[in-house]
Structures are given as C-alpha cells and as structure tokens.
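For clarity, every value in this text was computed on a predicted model and none was experimentally measured.
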Amino acid sequence: MTSARRVSCILLLAAAGCTQPAAPPPREVPRTVAVLAPHNETGARLPVAGSSLLERYAFDTRPVTVPEVLASEARLQLAFRGFTVVPADAVARATENRTPASAEAAADIAKRARLDGAALFIDLRRWDPDPPTEPRVVIVNLMVALVDPSSGRTLWTNSWPTRPVRTVGEVTLGAADIAAARTVIEAVLAPLVPAR
C-alpha cells in the first residue's frame with residue numbers, strides 16, 4: 001500500500017467517526033409513505049446485475065441499478081418499522097416515472113401524483129467501490145428527506161456523509177452493492193417511527 005493510499009484510508013476512517021447525529025423525526029410522521037425514484041447525482045449508471053454473459057444472453061434480464069436497490073431497501077425498512085408503503089408500481093404509474101432532483105421537487109411530484117401520506121426522497125451523491133473488484137468497502141454519500149406533498153414541507157432529513165461502508169465477505173461487486181445499500185438505508189431510516 002502506498003503512503004498516499006494509507007493516508008487516504010486513515011482520513012476516511014477518521015471522517016467515519018466524526019458524524020453528526022440525525023435530527024429527531026417529527027412527533028407525527030404519517031403512517032403511509034411513498035418511496036420516490038432516487039436521484040442519482042453520481043453521473044454513473046451503477047448497474048448491480050445484468051452484466052454477466054449468462055444474465056445478458058441466457059436469461060435476458062434487465063440490469064438493476066444501485067438507485068433501484070436503495071429504493072427497494074427503503075420500502076423494506078419502512079414496512080419493517082410499521083409504515084404502510086405505497087407499492088413501487090403504483091408510485092411509478094402515479095408519478096409517470098419522474099425522478100425528483102430535490103426535496104421540493106419530490107413534494108411537487110408527489111402532490112401532482114396525489115400520493116397518500118408522505119413521500120421519501122433519496123439523493124445519491126456518491127457510490128464508489130474500493131477497489132472496483134471484490135470490494136471491501138463502498139464509499140457512499142446519501143441524503144434522505146421525508147416530505148409532505150400537501151404542504152410541500154420537508155418533515156425530516158437524514159444523511160450518510162461521505163464515508164466507507166464495509167462489505168467484508170462479499171465476493172462480487174453486485175453483492176457488495178446490495179450489502180452496502182442495505183446498511184446505509186437501515187442506518188439513515190432508523191430514527192423513523194410511524195404515528196400511532
């Protein structure tokens with residue numbers, strides 16, 4: 001390992017320990033949540049599956065992307081916490097597959113689509129496996145916002161500031177992407193609890 005790489009690793013690990021605690025969610029979080037298509041700021045398509053010859057030619061599967069995995073994990077985590085989650089296909093139809101670029105745009109899209117409850121906006125800012133083959137970590141920066149479509153207000157936000165997500169034990173990039181997505185979404189949504 002070069003000295004420059006060693007210094008980079010030390011700085012990343014130091015940054016991982018210096019994170020701010022999440023703001024507490026509002027007392028009354030709507031029970032129903034629609035997860036909107038995540039905004040991908042990375043500039044890369046970030047395929048998770050569909051890149052192998054077998055998948056491409058034998059199974060003819062459509063590649064799944066990291067943003068799609070993040071949205072799926074968000075739906076699973078919200079349902080696990082007791083929220084009623086609007087099905088992905090219903091959200092896609094109602095929003096005409098539009099992807100918001102901000103929390104304000106997410107509230108507007110959800111309002112025009114007449115979605116019930118709150119809408120969850122996911123903003124993916126960085127996703128870098130290190131190294132790109134058999135990664136031990138994925139460096140992630142992500143922000144989530146829960147918005148109220150009726151008022152346009154942002155009810156709550158949380159983020160995963162730029163830092164590594166450990167994916168030890170995963171032997172393929174796709175498996176590491178899925179493991180990292182699960183870890184990050186579980187962490188950023190942990191404070192959310194639906195209104196009783």
Trainee: Measure the CZ-NE2 distance between R125 and H39 for me, rounded to the nearest 0.5 Å.
Mentor: 10.0 Å
Trainee: Calculate, to the nearest 0.5 Å, the distance between atoms CD1 and CD belonging to I185 and Q77 respectively.
Mentor: 8.0 Å
Trainee: Evaluate the side chain to side chain contact (heavy atoms under 4.5 Å, CB included) criterion for residues V35 and I122: first the C-alpha distance (whole Å), next the side-chain angles of each, then the deciding distance (0.1 Å), finally the verdict.
Mentor: CA-CA 8 Å; V35 178; I122 301 172; 4.2 Å; yes
Trainee: What's the spacing between L78 CG and L146 CG if we round to 0.5 Å?
Mentor: 8.0 Å
Trainee: For residues A176 and V138, report the shortest heavy-atom separation together with the two atoms involved.
Mentor: O-CG2, 4.3 Å
Trainee: Would you say R126's side chain and P161's backbone share a donor-acceptor pair under 3.5 angstrom?
Mentor: no
Trainee: Between V91 and V69, is there shared hydrophobic-cluster membership here, with clusters defined by ILVMFWY side-chain heavy atoms closer than 4.5 Å?
Mentor: no
Trainee: Determine whether V137 and L70 fall in the same hydrophobic cluster, where Ile, Leu, Val, Met, Phe, Trp and Tyr are linked whenever their side-chain heavy atoms lie under 4.5 Å apart.
Mentor: no
Trainee: Measure the spacing between CG of D128 and CD1 of I139 and express it to the nearest 0.5 Å.
Mentor: 6.0 Å
Trainee: Is there a side chain to side chain contact (heavy atoms under 4.5 Å, CB included) between D116 and T84? Walk through the geometry before answering.
Mentor: CA-CA 10 Å; D116 290 332; T84 300; over 6 Å; no
Trainee: What distance separates L124 CG from M143 CE, expressed to the nearest 0.5 Å?
Mentor: 11.0 Å
Trainee: Search all heavy atoms of A180 against all heavy atoms of V165 and return the closest pair with its distance.
Mentor: CA-CG1, 3.8 Å
Trainee: Find the distance between OG1 (T167) and CG (L173) and round it off to the nearest 0.5 Å.
Mentor: 9.0 Å
Trainee: Name all pairs fulfilling the salt bridge (Lys or Arg N to Asp or Glu O under 4.0 Å) condition that reach into residues 67-76, sequence neighbours left out, sorted by first residue then second.
Mentor: R62-E68, E73-R182
Trainee: Considering residues at least two apart in sequence or located in another chain, which fulfil the salt bridge (charged side-chain N to carboxylate O under 4.0 Å, His left out) criterion with D108?
Mentor: R112
Trainee: Just so I know, are the side chains of L115 and T95 near enough to count as touching, which here means a heavy-atom distance under 4.5 Å?
Mentor: yes
Trainee: Is any side-chain heavy atom of V29 less than 4.5 Å from a side-chain heavy atom of W156?
Mentor: no
Trainee: Under the side-chain hydrogen bond (donor to acceptor under 3.5 Å, both in side chains) test, which residues partner T99, sequence neighbours left out?
Mentor: none
Trainee: Taking all non-hydrogen atoms of both residues, which atom of A119 and which atom of P149 are closest, and how far apart?
Mentor: N-CD, 4.3 Å
Trainee: Over all heavy atoms of both residues, which pair between V188 and N158 is shortest? Give the atoms and the distance, please.
Mentor: O-ND2, 2.9 Å
Trainee: Nearest heavy-atom pair of V147 and A103: which atoms, and what distance?
Mentor: CG1-O, 3.6 Å
Trainee: Going through the checks in order, is the side chain to side chain contact (heavy atoms under 4.5 Å, CB included) test met by T32 and V86?
Mentor: CA-CA 7 Å; T32 301; V86 180; 3.8 Å; yes
Trainee: Please find the pair of heavy atoms, one from I109 and one from R98, that lie closest to each other, and give the distance.
Mentor: CD1-CB, 3.9 Å
Trainee: Pair T42, V66 - check side chain to side chain contact (heavy atoms under 4.5 Å, CB included), show working.
Mentor: CA-CA 11 Å; T42 68; V66 167; over 6 Å; no
Trainee: Say whether W127 and N40, considering side chains only, have a donor N or O and an acceptor N or O under 3.5 Å apart.
Mentor: no
